[in-house]
Amino acid sequence: MLHREAYHKLRKDKIVVVCFAVIVVCAVLAVIAPLVGNPSQDYRGIDEVTKIERPYHPPTLLIALSGTANGEPLTDEQKKAFGEGLLSAAAWRLPLGADLDGRNVLVMVIHGLQKAFLIGVITTVLAILIAVPIGAAAGYFGGLIDDAIVWFYTTLASVPHLLLLIAVLQSVPGEWKAKLGLFIVLIVIGVTTWVGLARLIRAEFLKHKQRDYVLAARALGVGHGRIIFAHILPNVSHLVIITFTLGFVSSVNLEVFLSFVSIGIPPSEPTWGQMIAKGKDELSRDPSIWWPLTSATVFLFVLSLAFSIFGDALRDALDPKLRT
Amino acid sequence: MWTFITRRLLYMIPILFGVLLLTYVIFFTVNDPQSVARTKLGGVKASEAQVTEWLVVNGYAEYGPSGKKKKELAISGHGEPDEIMVKLTDIEMHSDVVLFWNYVKGLFTFNFGKDNEGREVSEILKEGVIPSLRLVLPGFIIAQLAAIFFALFAALYRNTKIDRTLLIASVLMMSISPVAIILFLQKFLANEWHYFPVCGYDDDLLNGIRFLALPTLIYVVVSLGSEIRFNRIVILDEIGQDYVRTARAKGVSQNSMLFKHVFRNSLIPFITHWVVALPFLYLGSLLLERFFAIPGLGDLTIRAVGNSDVNVIRALVFIGTVLYMFGTLMGDVLYALADPRIKLR
């Protein structure tokens, strides 16, 4: 699928290789997330190293700088205890601290990473599964089929995407939401984001169906299905790969938005969106608990950045015309 | 030209019909009207009579012969309580065709019904437009001007470190979650360092600037990254054209080439981009209005979602869609006007 030339182009750019490595590491972390710990385990109570009692815990390295629960600075004794305990395992139990509910932020973030992959993969795969057959049929068969499909997707694309999402999520019956939880949101995002890819695929099929190799296949009596899937599709598969990498990021960011306006995502899901949404209150209280929000933001930032740079490079390597 | 515009307008008719059909399916057929009524009336506590009344008042049904009789009895004031109590068997549900027709009629006469608190939706929308535009219009203009400036700068120094730094900076900016940008900037610039008021809104034009300054700034920060990237690509594509090489060969200077020839030609895609983006501005910025308590349409949308205020959401979806369709139409027309190479068919 990936042409050799494109592969070499990608390998030459060090930043792209780093981004790909980041994506792989994130994917591995997402898979092993259940082994890392349980995000709902409660760590509220006395800090074993400094013996300070508070509902939350700051990140390990910042304990000395942070105050007690009332905002008073630490005593020299407590600071000394921290310095001595820094190398013990107990100090590193909560490397990124714990939030107000005493939940381990690192574990939450890694579980959020798993959810992010779930969101990115399911929504984009769903969109691709819808877009490819529809776009292919429109471009390949033309005529009335094409008119009907173009009418349908133009209609869908005429409703601003966020409003469409809100409208659909709004009218999904409550029992479905209860049964499917996060998945209902993923399905809705998937079925509302396929139009862009379908347009590209249709345009490519319009071009390819007049190429000699397709005419030859038809002269040999190859069936329509076989021509579409076995002959033309491999030639336009780069569009699918590009859409996958770039759609992934936008879906993950969409989840943050939807969590924030609290539509669709159950608050119990350990997603980055929920961490960020909760971060608003944690940030404005005194003393401010900024580490859960910051950790989720930083992880989201790194994943988005890696996917965007890698996706852009992939697009430039595979099909430079698609840039705008 | 006029044939082109007429054709484009005619083409909008089937699309508009499709949108109406699609939104009808989303809003009216996914949920059973009775369960909608029960949710609105407060769950299982709602009595059958209440549900029946609700269905009639909200246009889902009308009273059948037995229902009419009960109503007459109720108005005359002689009936016993259980004689005049309407039941679900007393009403006739409207067919989909009638419901669809009423839905379309309501939308086109801007009669969107009432919100959950009993206020006319069209009134609320009118109130919300001005604050939204006051926030987003200046932000949009500033962001676009800044984006053009940086993109031209990047193009002037293309393939150098300056260009690469700008590109990386814009990708970095695009990758930070807008929610986090808003949270942190509001926290530090307003809550901690008190450069700006934390939130609020004032109808007075001059006094309002105080409140709108920080959200406008954040709007610019959030949208700048992707805009710079888009503009840079447009300008670089233009630089690659043959006429640029000819102009350079003729002895036109680098600056004159970039600012006179390339920039003016890039305006075509820029204008189309703006015209298509403009209709979205009416929503303001959903998140910014929420955070800074600006009583605009974005805030209204989020509140409507929170209260499941279907009438408000319906109206917003309809207006948003119509504006978007006209935006794309205007974009196409302007594109055709500005670029003589495009054949008008």
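Keep in mind it's a predicted model, so treat the numbers as computed, not measured. All values below were derived from every heavy atom in this structure, side-chain atoms included, with hydrogens, water molecules and symmetry-related copies excluded. Letters A, B, ... mirror the listed sequences (proteins, then strands); counts begin at 1.
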**Separation between CG of A:L293 and NZ of B:K187, rounded to the nearest 0.5 Å** = 10.5 Å

**Message:** Please find the pair of heavy atoms, one from A:Q170 and one from B:V305, that lie closest to each other, and give the distance.
**Reply:** OE1-O, 3.9 Å

**Request:** Please look at B:L22 and chain A and tell me whether the side chain, the backbone, both or neither of the residue comes under 4.5 angstrom of a heavy atom of that chain.
**Result:** side chain

**Prompt:** Rounded to the nearest 0.5 Å, how far apart are CZ of A:F260 and CD1 of B:I182?
**Reply:** 7.5 Å

**Request:** Walk me through it: do B:V317 and A:L164 pass the test side chain to side chain contact (heavy atoms under 4.5 Å, CB included)?
**Result:** CA-CA 7 Å; B:V317 170; A:L164 183 65; over 6 Å; no

**Asked** If you look at every heavy atom in A:A167 and B:I26, which pair is closest and at what distance?
**Response** O-CG2, 3.6 Å

**Message:** Working note: B:L183 + A:I276, criterion side chain to side chain contact (heavy atoms under 4.5 Å, CB included); need CA distance, chi angles, decisive distance, verdict.
**Reply:** CA-CA 9 Å; B:L183 277 171; A:I276 291 174; 4.2 Å; yes

**Message:** Taking side chain as everything from C-beta outward and backbone as N, CA, C, O, which of these in B:L323 sits under 4.5 Å from a heavy atom of chain A? Side chain, backbone, both or neither.
**Reply:** neither

**Request:** Decide if atom CE of B:M330 counts as having more than 12 heavy atoms of other residues, nucleotides or ligands within a radius under 6.0 Å.
**Result:** no

**Prompt:** Between A:W151 and B:P14, which heavy-atom pair has the shortest distance, and what is it?
**Reply:** NE1-O, 2.8 Å

**Neighbour count >12 (heavy atoms, 6.0 Å) for atom CG, B:L10** = yes

**Asked** Measuring heavy-atom distances to chain A, does B:V310 have an atom under 4.5 Å in its side chain, in its backbone, in both, or in neither?
**Response** side chain

**Message:** At a heavy-atom distance under 4.5 Å, which candidate from B:L172, B:T23, B:V171 has the highest pair count against chain A?
**Reply:** B:L172

**Contact summary for B:G320 and A:L163, nearest pair of heavy atoms** = CA-CD1, 4.2 Å

**Prompt:** So how far is it from A:L169 CG to B:I313 CD1, rounded to the nearest 0.5 Å?
**Reply:** 10.0 Å

**Asked** Taking A:I309, A:T155, A:I15 one by one, which has the highest count of heavy-atom pairs under 4.5 Å against chain B?
**Response** A:T155

**Prompt:** Heavy atoms, side chains only, cut-off 4.5 Å: are B:Y324 and A:V159 in contact?
**Reply:** no

**Request:** Nearest 0.5 Å please: distance from the CG atom of A:N253 over to the OG atom of B:S177.
**Result:** 6.0 Å

**Request:** Select, from A:G273, A:A157, A:S171, A:S308, the one with the greatest count of heavy-atom pairs under 4.5 Å involving chain B.
**Result:** A:S171

**Nearest-0.5 Å distance that lies between atom CZ in B:F184 and atom OG1 in A:T297** = 5.0 Å

**Asked** Between A:S158 and chain B, which part of the residue has a heavy atom less than 4.5 Å away: side chain, backbone, both or neither?
**Response** both

**Complete:** When the 4.5 angstrom heavy-atom criterion is applied to B:T301 and chain A, the contacting part is side chain

**Prompt:** For B:F28, does the CZ atom have more than 12 heavy-atom neighbours from other residues, nucleotides or ligands under 6.0 Å away?
**Reply:** yes

**Asked** Taking the side chain as C-beta and beyond, is there a heavy-atom pair between A:D312 and B:R229 under 4.5 Å?
**Response** yes

**Request:** Please determine, among B:F27, B:F291, B:Y11, the option with the most heavy-atom pairs under 4.5 Å with chain A.
**Result:** B:F291

**Item:** Residue B:Y24 excluded, over 12 heavy atoms near OH under 6.0 Å
**Value:** yes

**Asked** So what's closer than 4.5 Å to chain A heavy atoms on B:I302: side chain, backbone, both or neither?
**Response** side chain

